[in-house]
Amino acid sequence: MRSLVWFRRDLRIADNTALFEAARHADDGVVGVFLITPEQWQKHDDASCKVKFLIENVRTLSDRLAELNIPLLIRTCHDFQEAPACISKLASETGCDTVYINREYEVNESKRDDNVSLACEQAGVAMRRFHDRTIVPPKAISTKEGRFYSVFTPYRKVWDLTARETVETTPDPEQQPVIAIGRDPVPESITGFDFSNARSDLWPPGEDEAQRRLDRFSESISAYNVERDIPSVRGTSLLSPYLNVGVISARQCFFRADQILESSAGENEGAKTWISELTWRDFYNHVMVACPRVSMHHPFKPKTNQIPWRTDQSDFEAWKTGTTGYPIVDAGMRQLNQTGWMHNRLRMVTAMFLTKNLLVDWRWGEKYFMSRLIDGDLSANNGGWQWSASTGTDSVPYFRIFNPFSQSKRFDPDGLFIRKMCPELKRVPAKALHDPAKLSDAIASLGIDYPNFVVDYKAGRERALSAFKSLK
DNA sequence: TAAAGATTGGA
DNA sequence: CCAATCTTT
């Protein structure tokens with residue numbers, strides 16, 4: 001019995017359900033495979049920095065698998081259509097009787113896996129799929145009426161019980177016997193993606209690095225509920241890119257935080273808040289599985305399609321490039337453009353500015369984020385955008401529109417973050433960064449080259465309010 | 001995971 | 001006159 005493990009977004013050894021099961025059932029070795037599908041990644045708007053990070057992690061995974069005598073093979077297909085033939089053929093060639101995978105829940109991905117399963121069956125190869133991506137699997141919990149939870153708070157209550165009672169981590173796989181199959185080199189570049197501008201120094205690859213980050217974050221987790229909102233402070237875990245490619249599992253994160261919570265007799269607000277954020281990740285995945293159309297350019301609330309979403313190229317361009325004239329919005333967008341990552345508070349601020357103050361179609365923003373983020377995840381990104389645009393499940397009420405100046409006053413009071421990302425505002429006093437009139441005065445009197453407001457604040461806000469009010 | 005406008009209560 | 005509080009969106 002020999003097992004083939006097809007790695008996708010689960011690039012780790014520890015707490016990997018499919019890998020553990022594959023190793024447990026094999027007595028003649030385990031083979032790993034990773035499929036490179038550049039055209040599919042382009043269709044999905046994957047960011048270059050994300051693909052680079054993915055490939056770097058495939059490389060470190062290959063090294064660690066080699067220590068377990070598991071050779072990692074690399075195959076390249078154009079897109080998912082070629083996956084069934086590729087995987088079934090590879091299983092046969094390497095003498096594997098079963099393919100092990102951890103499920104991916106997106107529409108294209110699960111359809112691909114169904115097709116791979118069929119192709120394997122025809123080749124006399126079995127396929128076993130496991131739930132591993134989230135803490136509580138999608139569809140595992142539902143309301144008393146048997147429907148899916150579309151509101152977060154009741155979902156979280158059931159999620160909490162389920163996670164604590166039924167979820168456990170997976171043991172490490174054992175070392176395998178040596179087999180006569182050598183591993184493949186991992187390519188240095190991928191056609192269609194430019195690796196030269198990615199800030200790899202900010203995100204070293206590997207399972208060890210992810211664990212170090214979790215360790216470091218654990219030490220200050222009690223401050224998370226306060227500091228997570230302050231972009232100039234390292235108050236968040238900085239684990240999202242690692243979670244996204246599965247270099248660390250959400251379960252590992254959950255158990256660490258839960259341990260800390262228990263050791264403080266439930267008195268750690270930071271740990272509680274972080275677990276809640278992990279729950280949001282599960283929630284949006286669960287929404288996507290229950291209602292796949294949300295991830296296919298449809299709002300969860302159909303009537304919001306009546307909103308005359310604007311398609312103004314020049315407003316959109318100002319937003320993308322961080323030249324809206326609103327300091328906190330520009331700072332956030334420049335952080336995204338320069339580093340491939342944006343602080344979560346700013347993701348909300350910038351998303352709300354685009355969808356409400358500019359009333360630009362939320363799908364434009366969703367796509368742009370995806371094309372830039374190192375941690376871009378379909379369900380979380382979509383959930384976040386539909387939350388901000390008030391089109392989604394349990395999204396923000398349409399009349400709760402962030403005021404960019406109030407937001408920066410609260411979360412960047414000294415303007416530290418704004419001045420870091422927008423150096424031209426270095427000489428503008430903090431008070432003026434949080435006040436439109438004072439900002440205009442300061443820019444004029446100091447002779448600073450900073451754009452005028454792309455939209456009048458009050459006019460933009462009223463335009464969004466009346467668009468939502470007139471929905472039937 | 002809000003902000004704006006109105007109202008109140010104290011200087 | 002200002003800040004705290006309530007109400008509305």
Side-chain angles (χ1 to χ4, degrees), chain A residues 149-157 159-160 221 223-233 235-237 240 269-284 287 300-301 303-304 306-307 326-329 332 342-359 362 365-366 369 379-413 417 431 433-439 453 455-472:
Chain A
Y149 283 102
S150 57
V151 180
F152 179 72
T153 308
Y155 171 85
R156 180 172 60 183
K157 283 182 186 148
W159 181 94
D160 227 67
I221 195 171
Y224 176 74
N225 61 131
V226 181
E227 299 202 329
R228 67 180 180 132
D229 275 323
I230 304 169
S232 63
V233 168
T236 64
S237 68
S240 56
E269 288 308 311
K272 275 190 212 167
T273 307
W274 197 55
I275 290 173
S276 178
E277 294 304 311
L278 292 169
T279 313
W280 274 106
R281 181 178 175 278
D282 275 20
F283 178 68
Y284 282 139
V287 169
F300 181 76
K301 292 176 183 156
K303 72 174 182 180
T304 61
Q306 296 170 33
I307 301 275
Y326 288 80
I328 194 69
V329 174
M342 199 198 302
H343 189 279
N344 185 248
R345 168 58 52 181
L346 302 177
R347 295 190 197 200
M348 296 190 285
V349 170
T350 56
M352 185 144 328
F353 187 81
L354 184 73
T355 57
K356 299 290 170 61
N357 296 272
L358 292 177
L359 204 65
W362 57 273
E366 180 192 16
F369 266 28
S379 64
N381 188 49
N382 177 265
W385 275 94
Q386 296 221 37
W387 181 87
S388 294
S390 303
T391 64
T393 56
D394 201 22
S395 50
V396 65
Y398 72 88
F399 46 81
R400 275 179 14 185
I401 301 173
F402 287 175
N403 179 325
F405 295 102
S406 313
Q407 289 288 310
S408 62
K409 192 174 184 175
R410 269 177 72 187
F411 302 117
D412 191 27
F417 185 79
K431 266 193 175 172
L433 293 173
H434 313 310
D435 183 304
K438 289 191 180 112
L439 179 63
F453 298 129
V455 64
D456 176 72
Y457 177 70
K458 206 172 172 186
R461 183 174 181 276
E462 293 303 326
R463 178 173 58 190
L465 287 174
S466 65
F468 273 92
K469 249 181 278 185
S470 61
L471 286 182
K472 287 169 218 132

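Only a predicted model underlies this, so the values are computations on that prediction, with no experimental measurement involved.
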Do the ring planes of A:Tyr398 and A:Phe468 sit parallel (below 30°), tilted (30 to 60°) or perpendicular (above 60°)?
-> parallel
Looking just at side-chain N and O atoms, do A:Glu366 and A:Asn382 make a donor-acceptor pair shorter than 3.5 Å?
-> yes
A:Phe417 pairs by side-chain contact (heavy atoms from CB on, under 4.5 Å) with which of A:Ile230, A:Leu346, A:Val233?
-> A:Leu346
Table of protein N/O atoms under 3.5 Å from nucleotides 1-4 of chain B N/O atoms:
residue: B:dA2; atom: OP2; partner: A:Arg400; partner atom: NH2; Å: 3.1
residue: B:dA3; atom: OP1; partner: A:Asn403; partner atom: N; Å: 3.4
residue: B:dA3; atom: OP1; partner: A:Gln407; partner atom: NE2; Å: 2.9
residue: B:dA4; atom: OP1; partner: A:Asn403; partner atom: ND2; Å: 2.8

Hey, what's the ring geometry for A:Phe369 with A:Trp385, parallel, tilted or perpendicular (30° and 60° as the breaks)?
-> perpendicular
Qualifying residue, where the test is ring pair (Phe, Tyr, Trp, His ring centres under 6.0 Å) with A:Phe152 and the options are A:Trp159, A:Tyr284, A:Trp280 = A:Trp280
